[in-house]
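Labels below follow one simple rule: chain letters A, B, ... track the order of the sequence lines, proteins then strands, and each chain is numbered from 1. A quick note: this is a predicted structure, and the numbers were derived from the prediction, not measured.
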Number of protein chains: 2
Amino acid sequence: MDELLQHRLSVIAEPNRFRIVELLRSGPLSVGAIVDALELAQPHVSRHLRLLADAGVVDVTRQAQQRIYRLRPEPLRDIGTWAQSFAVLWTERLDRLGDFLDDTDQNGDRS
Amino acid sequence: MDELLQHRLSVIAEPNRFRIVELLRSGPLSVGAIVDALELAQPHVSRHLRLLADAGVVDVTRQAQQRIYRLRPEPLRDIGTWAQSFAVLWTERLDRLGDFLDDTDQNGDRS
DNA sequence: TAGCTATATCTACTTGCATGTATATATGTA
DNA sequence: TACATATATACATGCAAGTAGATATAGCTA
C-alpha cells in the first residue's frame with residue numbers, strides 16, 4: 001500500500017517532472033504550453049507526462065489535436081496526509097527527545 | 001526554494017530510503033537496528049542514512065559506539081504543506097473542470 | 001488529397017546512483 | 001596493548017532512467 005505512495009513520490013521527485021507538477025498546480029495545461037514554459041524538447045515533455053500519467057499523478061483530456069494535462073488531487077492529498085501524519089504527531093515529543101539526546105550525548109542503556 | 005523540497009523528495013523517494021523513513025516514523029533507531037529490520041548490508045544503510053542526513057531529513061546523535069538516527073519533523077511538515085496546499089484548494093474546482101472536459105471532449109478555443 | 005500542427009513513440013547513448021565488497025575509524029573491554 | 005563491536009568511507013561495477021534526435025500518428029484545414 002505504501003508501494004504506491006513511494007512510486008508516486010519517486011515519479012514526482014524527478015527534477016523536470018517536479019517542475020511540470022509545479023506548473024500544473026496553477027491549472028491544466030497543454031503539452032505545448034508546458035514545452036514553452038520549461039524550454040524542454042517536446043518529446044521529453046511527452047515522456048515525462050506519460051510517466052506522470054501512468055503513476056496516476058495527472059489526467060489527460062483530448063481537445064482537438066491538443067492534450068490537456070491536469071493534476072489529480074488524490075495523489076497529492078495522499079502524500080500530504082502521509083507527511084503530516086508524522087510531523088503533527090511527533091513534533092513535540094521529538095523536539096524534547098532531541099534536547100535530551102543532545103545533552104546526554106553518552107549514556108549506554110539500549111538493547 | 002522549491003529546489004530544497006524537490007531534493008528532499010527525491011532523497012526520500014528512493015525505495016530503500018523510503019523504508020528507512022517509514023521505520024523511523026515510529027521512533028529513533030540505531031544503524032544496527034535498521035540493518036536488522038531491513039536486511040540490507042550495513043554499509044548500504046550507512047550510505048542511505050548519510051544521504052538522508054545531508055538532505056536534512058534525519059538527525060544523528062552519538063551514543064557510545066552507536067549512532068542514533070531520528071526523523072526531523074520539519075522536512076515532512078514542509079512536504080505535507082506543499083502537497084496539501086494544492087489538494088485542498090483545487091479538489092472541487094478540478095473535479096468540476098474534469099467533468100466539463102470529459103463531457104465536451106472537443107471544443108477548440110485556445111490561442 | 002495534401003500539408004500543417006500537436007503530440008506520441010522509438011532507438012540509441014550516457015550518466016547518475018544503488019549495490020557489493022574491502023577497509024578504515026571510533027569506542028568499549030579485558 | 002590487543003581485540004571486539006558499531007559505524008563510516010572508498011572503490012569498482014552494473015543497471016535504471018534521463019536525454020537526444022528522428023520518425024510516426026492523429027486531427028485540422030484548404
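What separates CD1 of A/Ile20 from C1' of C/dT7 is a distance of 14 Å, to the nearest Å. Atom P of nucleotide C/dA6 and atom CZ of A/Arg50 are separated by 22 Å, given to the nearest angstrom. Following rounding to the nearest Å, B/Arg67 (CZ) and C/dA26 (C1') show an atom-to-atom distance of 7 Å. Remark: C1' of C/dT9 and CG of A/Asp54 are 13 Å apart, rounded to the nearest angstrom. Separating the CD atom of A/Gln63 from the C1' atom of D/dC28 is a distance of 14 Å, rounded to the nearest angstrom. Counting to the nearest Å, the P atom of C/dA18 and the CG atom of B/Leu38 are 15 Å from each other. Per the geometry, CZ belonging to B/Phe18 stands 16 Å off P belonging to C/dA18, to the nearest Å.
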Legend entry - Heavy-atom protein contacts under 4.0 Å, nucleotides 17-24 of chain D, coded B base, S sugar-phosphate only, - none: -SBBBB--
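Counting only residues at least two apart or on different chains, the ring-ring contact (aromatic ring centres under 6.0 Å, His included) pairs with a member in residues 5-45 of chain B are A/Trp82-B/Phe18.
Using a 4.5 Å heavy-atom cutoff, the side chains of A/Leu29 and A/Ile68 are not in contact. Residues B/Arg47 and B/Leu51 form a side-chain contact, since some pair of their non-hydrogen atoms from C-beta on lies under 4.5 Å apart.
Contact check, A/Tyr69 against C/dA8: a side-chain N or O comes under 4.0 Å of OP1 or OP2. Residue B/Arg62 places at least one side-chain N or O closer than 4.0 Å to OP1 or OP2 of C/dT27.
Using a 3.5 Å distance cut-off with no hydrogens or angles, the side chains of B/Ser46 and B/Arg67 do not pair a donor with an acceptor.
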Polar atom pairs between nucleotides 2-5 of chain D and protein, under 3.5 Å, N or O only, would you list them?
none

Inset, instruction - Show your working on side chain to side chain contact (heavy atoms under 4.5 Å, CB included) between B/Val58 and B/Arg70 and close with a plain yes or no. - result: CA-CA 5 Å; B/Val58 299; B/Arg70 64 188 173 95; over 6 Å; no
Legend entry - Worked check of side chain to side chain contact (heavy atoms under 4.5 Å, CB included) between B/Ile12 and B/Leu76: CA-CA 10 Å; B/Ile12 294 176; B/Leu76 285 187; 4.3 Å; yes
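Shown here for A/Gly56 and A/Pro75, the closest heavy-atom pair between the two residues is O-CG, 3.2 Å. Here the closest heavy-atom approach between residue A/Ala13 and residue B/Ala13 is recorded as CB-CB, 4.2 Å. Minimum heavy-atom separation, B/Arg17 to B/Val11: NE-O, 2.6 Å.
Closest to the side chain of B/Ala64, out of C/dT27, C/dT7, D/dT9, is C/dT27.
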